[in-house]
A.B. asks: 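What follows is a single structure, and I will ask about it in a moment.
Note on naming: letters A, B, ... go to the chains in the order of the sequence lines (proteins, then strands), and numbering restarts at 1 for each one.
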Amino acid sequence: MSTASAENPILQSLNAAQRRAVTSNASTVAILAGPGSGKTHTLTSRVVWLVQQTGYQPSDIVVATFTVKAAREMKERIGKVLGPESEKKIVLGTFHSIARRYLSAYGKHIGLDSKFGIADDGDSRAIIQRICKRHDFNIDPGYARSWISKKKAKGHVTDAPSNKKQPENPSLNECYREYQEHLERSNLLDYDDLLVRCVELLRTYPACVSNIQAVLIDEYQDTNGIQYDLMKLFGQARQRITIVGDPDQSIYGWRSAEIRNLYRLLRDFPQTEEISLEENYRSSRSILDVSLTVIQQDKKRYQKVLLPVHTKGTRPVLRKLRSSAAEGDWIVSEIKRAVTMFGEMLKYEDVAILLRSASLSRHIESALGKAGLAYRMIGGHKFYERKEIKVLLDYLRVVNQPDNNDSVARIINVPRRGIGDTTVKRLIEEAEQQKMSLWSLLRKHCQGSRKATTKILPKMEQKLNAELIRMVLNLQSHAQQITENSHQTLINFIEKLLSQLDFKQYLESEYPEDHEQRWQNVQEFLSLANDFVRDSANADEELLPEIEDVDQAKDDSTLGRFLANIALASDAQKNDEGAEKKSVITISTIHAAKGLEWPIVFIPAVYAGSIPHSRAEDLDEERRLLYVAMTRAQVLLYLSCPLYGSQGMSGKVELSPFVAPFESTAFAKQGTSFNRPILEAAAKILGRDLLSEKAIFDKIPPMFSMEDNLFPIDPIDARDPEGLGDSQGYRSKGSKRQRVNNQGYGSDEELAEERQWKKEYSTTMEQASSFTMASLPGFVSAGTHQNTLSAAAAEEEKAAAAKKAIKMGTTRRKADQSSLLGFVTTTSSNKPAAPMTGFKGPDMSLARYQLAASRSAARLATEAKAPELPKLPAVDPLLAKHKLVSGNALNRPSVIKQEAEDGSSKKRYHCFSSSPPRPTDDDAKAIKQEQVTPTEPTPVPDRPATSFHRTTFVSATARGGVRRPVGLGPPPGIDRVRRPFKPLTIMRPAKQ
DNA sequence: ATCAAAGCCCTTTTT
DNA sequence: GGGCTTTGAT
């Protein structure tokens with residue numbers, strides 16, 4: 001076996017530690033792995049290994065992940081190696097979706113109606129709110145909700161001597177009870193219930209998991225108590241469990257994730273083999289170093305080794321801007337600068353902007369909108385939460401489950417039927433008082449069999465209700481005919497709903513402003529439904545394996561599964577196969593970015609109150625959050641911070657305490673100069689090809705500012721020390737630029753676009769790109785030069801000491817030492833971790849570069865006469881003309897790279913990368929289209945659903961870039977109470 | 001008394 | 001966008 005395994009192609013893409021993890025024969029394996037160490041790759045490979053080498057049936061393996069995205073990705077990766085048949089059979093998904101599958105198949109064993117629906121957040125909140133109001137409980141409904149959730153998520157914790165403390169408001173318990181009762185009456189499970197009930201199922205009826213050979217858990221540090229129980233129960237037959245996690249990336253404590261679960265695992269399974277993955281293949285060394293200095297401020301964390309395999313790269317930047325608006329503009333300018341200066345090596349899709357909270361996106365979105373750059377938003381407001389979509393969903397839910405009071409309540413008056421809020425509220429109260437559903441109350445009332453005590457104005461209402469009721473009944477009978485074998489019916493069904501509601505017209509009258517956009521969203525919804533039908537038809541992923549003597553229910557309706565799928569998918573995900581990939585910038589919350597990577601990462605709003613968030617309870621978790629965000633970056637990392645709130649917000653913004661101590665030592669004050677060595681280093685890290693200097697240079701537009709010099713480095717200036725002056729102060733007004741001929745940009749069309757782009761450029765960056773020395777290509781202002789030089793000198797000085805300090809900051813131990821105890825260092829090295837060493841100053845190639853640049857500038861200057869151009873939406877000519885040099889879109893580090901050259905098969909294991917998809921061939925058209933008309937409709941049937949947020953995008957541009965002048969300035973007070981730390985010292989329990 | 005629209009506040013993170 | 005209150009219309 002060992003010889004066979006040595007040749008196994010799976011293993012070739014693994015380093016020693018990863019290989020040990022993949023091939024371990026131990027029944028319980030705990031893999032501890034820092035960011036970028038190939039966690040998911042390792043877990044995926046282990047699944048493959050278990051199937052191919054150990055001979056487990058795919059259907060006997062359970063893989064649980066934390067997010068939908070991670071599940072999807074892992075599925076894809078496994079499918080690539082094992083083939084679609086096995087991919088389908090493996091029970092793989094988020095904890096919640098797996099639990100849902102088991103409950104719908106076996107729920108009857110615990111007395112659960114298998115047609116249960118899922119109560120989403122809004123439902124839960126509405127129910128609890130009503131309960132609180134009804135009883136005049138003196139509780140904040142939000143608090144009650146999270147209290148209940150926490151209670152459920154805890155699971156069967158046996159370690160704590162759980163003293164029956166009841167210091168809480170007793171009404172909480174009452175609220176809990178009633179809430180639960182209500183859910184039950186409506187046959188709903190909330191998110192936590194899915195897990196709770198599944199635990200109950202697996203406990204009372206272990207037979208349904210008697211086939212399970214192996215259980216694998218991703219992102220283990222984010223599991224909570226109930227998920228731990230679930231994990232054990234899934235594995236109860238053979239107790240073969242593999243977990244992968246990183247305590248430093250635990251960012252879901254607020255959702256009751258317990259780092260302690262790691263400890264629990266070791267206690268419950270003393271034979272666990274521990275393996276740590278220590279090489280980081282993702283990021284440049286300086287990014288890693290800075291990230292470590294941040295995370296090492298937490299003296300109580302598990303210390304662990306993280307070895308960079310890449311070169312130093314460029315120093316991360318911490319940039320201060322005057323306002324958040326300036327911050328957005330600066331980000332745009334840096335994105336353009338990087339994309340341009342890297343030639344064609346980096347594209348917009350290589351850029352991510354990561355935010356602590358989704359609401360911070362406003363300024364970013366408007367800056368991008370102003371610049372005409374397309375983006376997509378992950379996290380934050382969701383597609384399914386848009387009003388027009390939510391209404392449709394509620395209709396579907398009512399058809400599927402008429403007893404869902406909340407859904408009924410939301411649709412009663414939605415095409416206006418003259419029934420106001422107060423009436424609806426009364427009706428729902430009456431129904432709940434009578435312990436009957438709102439729906440049956442309405443039906444009875446309309447049939448006249450039982451008069452509602454709430455008065456409903458006789459004529460209008462009764463008639464309209466009959467209309468509503470008849471429609472729903474009609475749809476219900478239609479819904480029953482929806483089956484798997486006829487693809488179209490779900491679509492037809494929704495279309496029928498749309499026409500019966502006269503939905504298009506409804507939107508037109510209700511939203512005269514943006515009904516087109518909303519109708520567009522409806523079309524997208526249809527296309528999502530289409531995707532769902534297609535996917536579930538050819539991959540019956542829902543089906544659990546048949547187990548002898550165990551029967552499962554299969555009466556799951558298509559509609560029901562569709563709705564469940566939506567409830568469990570945090571957002572509409574694009575599901576395009578082979579469709580043109582779009583080169584767009586990604587904006588994401590940090591939480592949603594976990595597990596992903598991008599060559600360029602921006603982290604705006606790094607101020608106290610944003611991160612750490614002013615309402616955060618656990619400061620360490622906030623720090624870990626920043627760490628997670630920083631470690632997403634591969635080559636360029638930018639943090640930034642606005643110094644003033646945009647609306648006379650009192651006071652200055654404080655830089656986040658997580659970075660303030662190293663502000664000057666660890667970070668560069670402004671974006672790097674992209675000289676040749678820097679570009680080459682980046683190319684090496686990414687494993688991509690770099691254009692020649694000349695090729696890059698030839699494409700740099702005239703007047704392009706090659707340095708990060710369009711915004712003051714220190715935005716506090718003497719004239720306006722408070723920064724309260726004009727919000728546009730960073731721009732010089734009305735400086736007219738001279739224009740330059742467009743040389744060689746092909747067709748007229750492209751020419752036009754090029755102009756637009758140029759024009760746009762001048763709006764964003766007018767200040768310094770007017771004719772000043774500083775901005776002329778080829779000239780470096782004295783100040784800049786001075787900065788570079790002195791920085792370089794300082795670096796040099798520090799370098800030696802830094803090196804040493806880094807060495808000491810990490811625990812010394814052999815790379816393949818496996819004990820978890822290795823993570824517990826005895827002490828915290830008291831000195832703030834090592835200062836970073838950045839790139840060493842200017843060198844010959846920079847000089848050459850600059851010489852070339854200045855020559856060209858001179859040439860251009862003589863040609864410069866063209867008049868100012870009209871203002872139009874922008875497109876980047878580089879992108880429009882884009883051609884990828886080679887097909888090398890794979891960007892795994894060189895370590896893994898060699899063996900894939902066998903060329904025989906397209907299955908290259910090293911493409912197990914979590915970076916966003918990247919077009920592999922020239923796709924200029926698609927890109928262009930995306931840039932120019934991001935909102936352009938495409939015919940429904942073919943168009944893959946995307947999560948591109950059209951509405952947001954459009955509103956950002958349509959109103960001249962600013963949606964609302966809301967400042968993202970600092971929230972008022974930052975009064976955080978330090979919560980007691982979790983006992984982080986991990987000690988292996990003494991073996992009995 | 002009820003409904004509807006308009007103006008005001010606030011907005012952590014996600015299954 | 002949602003929740004809240006105020007104001008005007010029915």
A.B. asks: Apply side-chain contact (heavy atoms from CB on, under 4.5 Å) to E508(A) and list each qualifying residue two or more places apart in sequence or on a separate chain.
C.D. replies: K504(A), Q505(A), H515(A)
A.B. asks: If the cut-off is 4.0 Å, is R426(A) near the phosphate of dT2(B), judged by side-chain N/O to OP1 or OP2?
C.D. replies: yes
A.B. asks: Report yes if the ring of W254(A) lies under 5.5 Å from the six-membered base ring of dT13(B) with planes under 30°, and no otherwise.
C.D. replies: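 Taking the rule of under 5.5 Å and under 30°, the ring of W254(A) does stack on dT13(B).
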A.B. asks: Send over the distance from R362(A) CZ to dC10(B) C1', rounded to a whole Å.
C.D. replies: 12 Å
A.B. asks: Any idea which of dG1(C), dT2(B), dT13(B) is nearest the T423(A) side chain?
C.D. replies: dT2(B)
A.B. asks: Which nucleotide in the set dT14(B), dT13(B), dA4(B) lies at the smallest distance from any side-chain heavy atom of R255(A)?
C.D. replies: dT14(B)
A.B. asks: So, applying salt bridge (charged side-chain N to carboxylate O under 4.0 Å, His left out) with D406(A), which one of R130(A), R125(A), R397(A) is it?
C.D. replies: R130(A)
A.B. asks: Would you mind telling me which of dA4(B), dG1(C), dT14(B) lies closest to the side-chain atoms of T589(A)?
C.D. replies: dT14(B)
A.B. asks: The criterion is side chain to side chain donor-acceptor pair (under 3.5 Å); which residues satisfy it with D246(A), sequence neighbours excluded?
C.D. replies: Q249(A), K304(A)
A.B. asks: Give F95(A) one of three labels, base, sugar-phosphate or nothing, depending on what nucleic acid heavy atoms sit under 4.0 Å from its own.
C.D. replies: nothing
A.B. asks: Between dT13(B) atom P and Y627(A) atom OH, what is the distance in whole Å?
C.D. replies: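 Rounded to the whole Å, the gap is 24 Å.
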A.B. asks: Can you figure out which of dT14(B), dT11(B), dT15(B) approaches the side chain of Y252(A) most closely?
C.D. replies: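 The nucleotide sitting nearest to the side chain is dT14(B).
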A.B. asks: DNA chain B in dot-bracket, Watson-Crick or G-U pairs under 3.5 Å, [ ] crossing, | other strand?
C.D. replies: ||||||||||.....
A.B. asks: Partners of E184(A) by side chain to side chain donor-acceptor pair (under 3.5 Å), sequence neighbours excluded?
C.D. replies: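 So E184(A) forms no side chain to side chain donor-acceptor pair (under 3.5 Å) with any residue.
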A.B. asks: Are Y176(A) and Y179(A) an aromatic pair, judged by ring center distance below 6.0 Å?
C.D. replies: no
A.B. asks: Return the set of residues passing side chain to side chain donor-acceptor pair (under 3.5 Å) with R410(A) (not counting sequence neighbours), or none when no residue passes.
C.D. replies: D123(A), D394(A)
A.B. asks: Counting side-chain heavy atoms from CB outward, which of dT13(B), dT14(B), dG1(C) is closest to R518(A)?
C.D. replies: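 The answer is dG1(C), which lies nearest to the side chain.
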A.B. asks: Under the side chain to side chain donor-acceptor pair (under 3.5 Å) test, which residues partner T631(A), sequence neighbours left out?
C.D. replies: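 Side chain to side chain donor-acceptor pair (under 3.5 Å) list for T631(A), sorted by chain: empty.
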A.B. asks: Checking all strands, does D121(A) fall into the base, sugar-phosphate, or nothing category for heavy-atom contacts under 4.0 angstrom?
C.D. replies: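 It contacts base atoms.
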